[in-house]
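In what follows, a single structure is set out as structure tokens and then discussed.
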Amino acid sequence: MEWKDEIFSIYRKILTHYINERTEEALYEGQKFSRKLIEHQIPPEEMISLHRNVLQDLFSDLPPYILRSFDFLLEVMIGYGLAYQEHQFLRDQQQELKSEIQIAANVQQMLLETEIPNIECLDIGVISVPAKIMNGDYYQFVEDEQMVSIAIADVIGKGIPAALCMSMIKYAMDSLPESRQNPSRVLENLNRVVEQNIDPSMFITMFFGMYHTKKHTFTYASAGHEIGFYYCANEDAFYDLHAKGLVLGIDQNIRYRQYEKRIQTNDMIVLFSDGITETRTKDGFIDRSTVSNSLRQYMHLSAQEMVENVYSDFERMQDFELQDDFTFIVLRRNV
């Protein structure tokens, strides 16, 4: 039996049951049948035609005007059916695209994955959460014999274009190992890569620092990245980690200034993307003091617990819907 004959037989049976019984059970059979129609992608106009043919088979003496009314309804539903089919097609395309983006996001996560150094003198905490499926923030740690390098970058934008830029930055970083002894040179080399390969409408901010595990100094440079914090334990005070520099990709001949700070026991370096400082609440944008005050609440915890709790605070501020990619890093000297 062909599918059309089978569906005619099924529908004739359940319609007859309802006409004769008019029970909830008969209605439920109709609901189950509708799911079968959806499964086999039967358009609405074909269902109208099926109903007309079944009625005509059940009641041979139907008045002509009843049959004509179904002919009219059939014409009405043809336009609806075309729109419905288009909707189904677009929905399937959207689902396919969503699946591909999820695969790309998984690949990006693997590509950008970096191991957090386990060093006796440093307690390091990191959290990075994308606002959408793919992340426009990037961070990376590199551990050498007496040095821990840290990079944090942010594409001005979101979504797939930002994620592709971050992947390029990761590749460029891995290709420049010889320049990692000098933060300003790292930024200058990356700047030339970005200027030659990124669309002029896109910009990347970046901070690159190096912690010397023997001297306990932190040397750093910035390419227009969000200003971080230096926490001085002796003074129990937060200070802005000032560093000037043009965002990457504007001028390939730019030179970046390098800075250095001495780190004492229990001092902290706090780095983040603008997803933190540009957080908007019902009262407007937050102040930088909101960030330091949130940190202060959790300073008795480990660095990882600190960043996770700060993230929870900011998630609540935004009603659990991030407005931008969120990356937060804490480095605290232990001994």
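Values in this document were obtained by computation on a predicted structure and should not be read as measured data.
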Quiz prompt | Sidechain N-carboxylate O distance under 4.0 Å for Lys261, Asp267 | solution = no
Practice problem: Examine distances only and state if a side-chain atom of Ser49 and a backbone atom of Glu46 form a donor-acceptor pair shorter than 3.5 Å. | Solution: no
Quiz item: Given Asp123 and Ser302, is the side-chain contact (heavy atoms from CB on, under 4.5 Å) satisfied, shown in steps?
Solution: CA-CA 7 Å; Asp123 184 16; Ser302 69; 4.0 Å; yes
Quiz item: Do you know the tightest heavy-atom contact between Val193 and Ala172?
Solution: CG1-CB, 4.1 Å
Exercise. Could you check if a side-chain atom of Lys32 sits within less than 4.5 angstrom of a side-chain atom of Ile14, using non-hydrogen atoms only?
Key: no
Self-check item: Rounded distance (nearest 0.5 Å) linking atom CG of Leu50 with atom CZ of Phe8
Solution: 7.0 Å
Quiz prompt | Side-chain donor/acceptor of His225 to backbone N/O of Phe272, under 3.5 Å | solution = yes
Practice problem: Check the pair Arg288, Phe229 against side-chain contact (heavy atoms from CB on, under 4.5 Å), reporting the backbone distance first and the verdict last. | Solution: CA-CA 10 Å; Arg288 286 175 61 83; Phe229 286 122; 3.3 Å; yes
Self-check item: Any donor-acceptor pair under 3.5 Å from Ser9 side chain to Glu6 backbone
Solution: no
Quiz item: Under 4.5 Å between side-chain heavy atoms, hopping through other hydrophobics if needed: is there a path connecting Val186 to Ile169?
Solution: yes
Quiz item: Do Ile263 and Ile269 come within less than 4.5 Å of each other through their side chains, counting heavy atoms only?
Solution: yes
Practice problem: Look only at the side chain of Ser294 and the backbone of Val291, and say whether a donor-acceptor pair between them is shorter than 3.5 Å. | Solution: no
Self-check item: Worked check of side-chain contact (heavy atoms from CB on, under 4.5 Å) between Ile119 and Glu143
Solution: CA-CA 9 Å; Ile119 301 174; Glu143 182 181 355; 3.8 Å; yes
Quiz item: Can you tell if the side chain of Val247 reaches within under 4.5 Å of the side chain of Val194, non-hydrogen atoms only?
Solution: no
Quiz item: Can you get from Ile329 to Tyr230 by hopping between Ile, Leu, Val, Met, Phe, Trp and Tyr side chains that sit under 4.5 Å apart?
Solution: yes
Quiz prompt | Spacing of CD1 belonging to Ile150 relative to CD1 belonging to Ile116, to within rounding of 0.5 Å | solution = 9.0 Å
Exercise. Flag yes if Ile48 and Ile10 sit in one hydrophobic cluster, no otherwise; membership is Ile, Leu, Val, Met, Phe, Trp, Tyr, and two members link when side-chain heavy atoms are under 4.5 Å apart.
Key: yes
Quiz item: Considering residues, nucleotides and ligands other than Arg22, do more than 12 of their heavy atoms fall under 6.0 Å from its CZ?
Solution: no
Quiz item: Considering only heavy atoms from C-beta outward, does the side chain of Tyr138 approach that of Thr327 to under 4.5 Å?
Solution: no
Considering only distance and modelled atom types, tabulate donor-acceptor pairs under 3.5 Å from the side chains of residues 56-65, sequence neighbours left out.
from	atom 1	to	atom 2	distance (Å)
Gln56	OE1	Arg52	NH1	3.3
Asp57	OD2	Arg12	NE	2.5
Asp57	OD2	Arg12	NH2	3.3

Quiz prompt | Chi angles and distances behind the side-chain hydrogen bond (donor to acceptor under 3.5 Å, both in side chains) call for Ser128, Asp137 | solution = CA-CA 8 Å; Ser128 185; Asp137 286 356; 5.0 Å; no
Quiz item: Under a 4.5 Å cut-off applied to non-hydrogen side-chain atoms, are Tyr256 and Met206 in contact?
Solution: no
Self-check item: ILVMFWY network linking Tyr11 to Ile19, side-chain heavy atoms under 4.5 angstrom
Solution: yes
Quiz prompt | Nearest heavy atoms of Gln304 and Gly125, plus distance in Å | solution = OE1-CA, 3.4 Å
Practice problem: Would you name the heavy atoms of Ala223 and Leu187 that are closest together and state the gap between them? | Solution: N-CD1, 3.7 Å
Quiz item: Any chance CZ of Phe72 has more than 12 other-residue heavy atoms, nucleotides or ligands included, within less than 6.0 Å?
Solution: no
Quiz item: Can you tell me how far CE of Met268 sits from CZ of Phe218, rounded to the nearest 0.5 angstrom?
Solution: 13.0 Å
Quiz item: Are the ring centres of Tyr311 and Phe328 closer than 6.0 Å?
Solution: no
Exercise. Could you check Gln258 against Phe208 for side-chain contact (heavy atoms from CB on, under 4.5 Å), going step by step and ending with a plain yes or no?
Key: CA-CA 10 Å; Gln258 193 161 288; Phe208 188 85; over 6 Å; no
Self-check item: Aromatic plane relationship, Tyr231 with Phe238 - under 30° parallel, 30 to 60° tilted, over 60° perpendicular
Solution: tilted
Quiz item: Hey, is CZ on Arg257 packed in by over 12 heavy atoms from elsewhere, all under 6.0 Å?
Solution: no
Quiz item: Closest approach of Ala303 and Ile124, non-hydrogen atoms and distance?
Solution: CB-C, 3.6 Å
Practice problem: Please work out whether the ring planes of His51 and Phe70 are parallel, tilted or perpendicular, with thresholds of 30° and 60°. | Solution: tilted
Self-check item: Same cluster (ILVMFWY, side-chain, under 4.5 Å), Leu73 and Val54
Solution: yes
Quiz item: Taking the inter-plane angle between the rings of Tyr211 and His216 on a 0 to 90° scale, is it parallel (under 30°), tilted (30 to 60°) or perpendicular (over 60°)?
Solution: perpendicular
Quiz prompt | Where Ile286 and Ile276 come nearest, the two heavy atoms and their spacing | solution = CD1-O, 3.3 Å
Quiz item: In terms of heavy-atom contacts, does CD of Gln264 have more than 12 from other residues, nucleotides or ligands at under 6.0 Å?
Solution: yes
Quiz item: Are any non-hydrogen side-chain atoms of Val330 and Leu295 less than 4.5 angstrom apart?
Solution: yes
Self-check item: Sidechain-backbone polar pair: Thr114 side chain, Phe141 backbone, donor-acceptor under 3.5 Å
Solution: yes
Self-check item: Atom pair CG/OG1 of Leu122 and Thr213 - distance to nearest 0.5 Å
Solution: 8.0 Å
Quiz item: Minimum heavy-atom separation for Thr265 to Ala233, with atom names?
Solution: O-CB, 3.8 Å
Exercise. Could you name each residue pair satisfying salt bridge (Lys or Arg N to Asp or Glu O under 4.0 Å) that touches residues 207-220, not counting sequence neighbours?
Key: none
Self-check item: Leu301 side chain reached by Glu308 side chain, heavy atoms, under 4.5 Å
Solution: no
Quiz item: Is there side-chain contact between Glu25 and Glu29, with at least one heavy-atom pair below 4.5 Å?
Solution: yes
Quiz item: Rounded to the nearest 0.5 Å, how far does OG1 of Thr279 lie from CG of Asp313?
Solution: 11.0 Å
Quiz item: When rounded to the nearest 0.5 angstrom, what distance separates OG1 in Thr277 from CD1 in Ile227?
Solution: 9.5 Å
